[in-house]
Participant: 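Here it is: the structure, laid out below.
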Amino acid sequence: MADEEVVVLGFWPSTYGTRATIALDEKGVKYEYREEDLSNKSSLLLQMNPVHKKIPVLIHNGKPVCESLIIVQYVDEIWRDKAPLLPSDPYQRARVRFWADFIDKKVFDAGKKLWSTKGEEHESAKKEFIEILTQLEGEIGDKTSLILGVTGLGS
Ligand code: GS8
């Protein structure tokens, strides 16, 4: 689409932010990436996401879309003509959403526990993390939709 203005507010270590940029990259959409300092949030971020005040935010022609999985779906709906991100079958779409939700509820929390603990707590976090990844691997295997693991997308 011509004359599009697409901006992503992100924070480099954030896998939530990566979801948004991978979706845009897959679609071949050009965008401006703006790195946020989360300890000193920009007025643009506060204005664009006044509810959660979090990245990522996709700003499409001046209008904000917040929450990484909602951004992925929005990108898929707006740039329909290239690289479908979600399956067309409603049941398969539901399954992809289930695993994306699993990642939000399990993988991210367990990952955080892993790098923020030490000693015994760390060992049990490691065990938990491996169990979760094994579960995910069992579902996703070597499907090309492995990308789902990181982005919440499927093929
Ligand atoms: C989570 C975004 C988030 O936690 C999504 O987009 O999927 N459910 C949301 N963003 C973090 C950075 S990544 O850890 C964030 O912006 N934190 C700032 C804050 O909490 O003040």
Side-chain angles (χ1 to χ4, degrees), residues 4-80 83-87 90 92-118 121-122 124-133 135-137 139-140 143-155:
E4 297 265 27
E5 196 201 9
V6 182
V7 176
V8 175
L9 306 183
F11 173 57
W12 71 267
S14 168
T15 46
Y16 295 112
T18 308
R19 276 180 172 159
T21 53
I22 289 179
L24 290 165
D25 289 340
E26 284 291 313
K27 295 282 184 180
V29 175
K30 296 223 178 332
Y31 58 91
E32 181 192 340
Y33 175 81
R34 293 196 200 165
E35 180 74 9
E36 279 289 326
D37 173 357
L38 295 180
S39 60
N40 180 25
K41 295 173 185 169
S42 70
S43 53
L44 183 64
L45 174 58
L46 300 177
Q47 187 194 335
M48 292 289 142
N49 190 355
V51 176
H52 296 303
K53 305 178 177 66
K54 289 184 178 189
I55 62 92
V57 181
L58 172 79
I59 310 172
H60 184 203
N61 296 329
K63 291 187 293 188
V65 182
C66 304
E67 288 293 315
S68 58
L69 291 177
I70 295 173
I71 293 172
V72 168
Q73 290 188 32
Y74 178 80
V75 167
D76 204 24
E77 285 169 13
I78 293 289
W79 292 281
R80 276 189 180 284
L85 302 175
L86 290 160
Q92 294 307 327
R93 239 185 357 252
R95 283 174 58 82
V96 164
R97 289 187 177 126
F98 172 84
W99 286 104
D101 182 63
F102 173 89
I103 288 162
D104 277 7
K105 290 189 174 134
K106 298 273 195 172
V107 180
F108 288 162
D109 281 357
K112 193 168 170 189
K113 239 189 260 170
L114 195 62
W115 58 256
S116 60
T117 55
K118 286 200 169 116
E121 229 185 319
H122 180 72
S124 102
K126 211 192 295 184
K127 220 173 130 208
E128 191 193 348
F129 195 62
I130 290 170
E131 272 167 24
I132 290 169
L133 290 185
Q135 232 173 336
L136 199 57
E137 176 72 19
E139 171 59 29
I140 296 171
K143 290 176 203 156
T144 50
S145 57
L146 183 65
I147 197 166
L148 162 81
V150 186
T151 65
L153 317 178
S155 61

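All ligand and atom numbering here is 1-based and tracks the order in the structure. For the numbers below, each heavy atom of this structure counts, side chains included, while hydrogens, waters and symmetry mates do not.
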Participant: Can you label the angle between the Tyr74 ring and the Trp79 ring as parallel, tilted or perpendicular, going by 30° and 60°?
Facilitator: perpendicular

Participant: Considering only heavy atoms from C-beta outward, does the side chain of Leu69 approach that of Tyr16 to under 4.5 Å?
Facilitator: no

Participant: When you look for protein heavy atoms under 4.0 Å from ligand 1, which residues do they belong to?
Facilitator: Ser14, Tyr16, Leu38, Lys41, Lys54, Ile55, Pro56, Glu67, Ser68

Participant: Salt bridge or not between Glu32 and Arg34? Use side-chain N to carboxylate O under 4.0 Å.
Facilitator: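 Here Glu32 pairs with Arg34 in a salt bridge, since their nearest N and O are under 4.0 Å apart.
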
Participant: Taking the side chain from Ser42 and the backbone from Leu45, do they hold a donor-acceptor pair closer than 3.5 Å?
Facilitator: yes

Participant: Do NZ/NE/NH1/NH2 and the carboxylate oxygens of Asp104 and Arg19 come within less than 4.0 Å?
Facilitator: yes

Participant: Could you tell me whether Lys41 and Glu36 make a salt bridge, using a distance below 4.0 angstrom between a side-chain N and a carboxylate O?
Facilitator: no

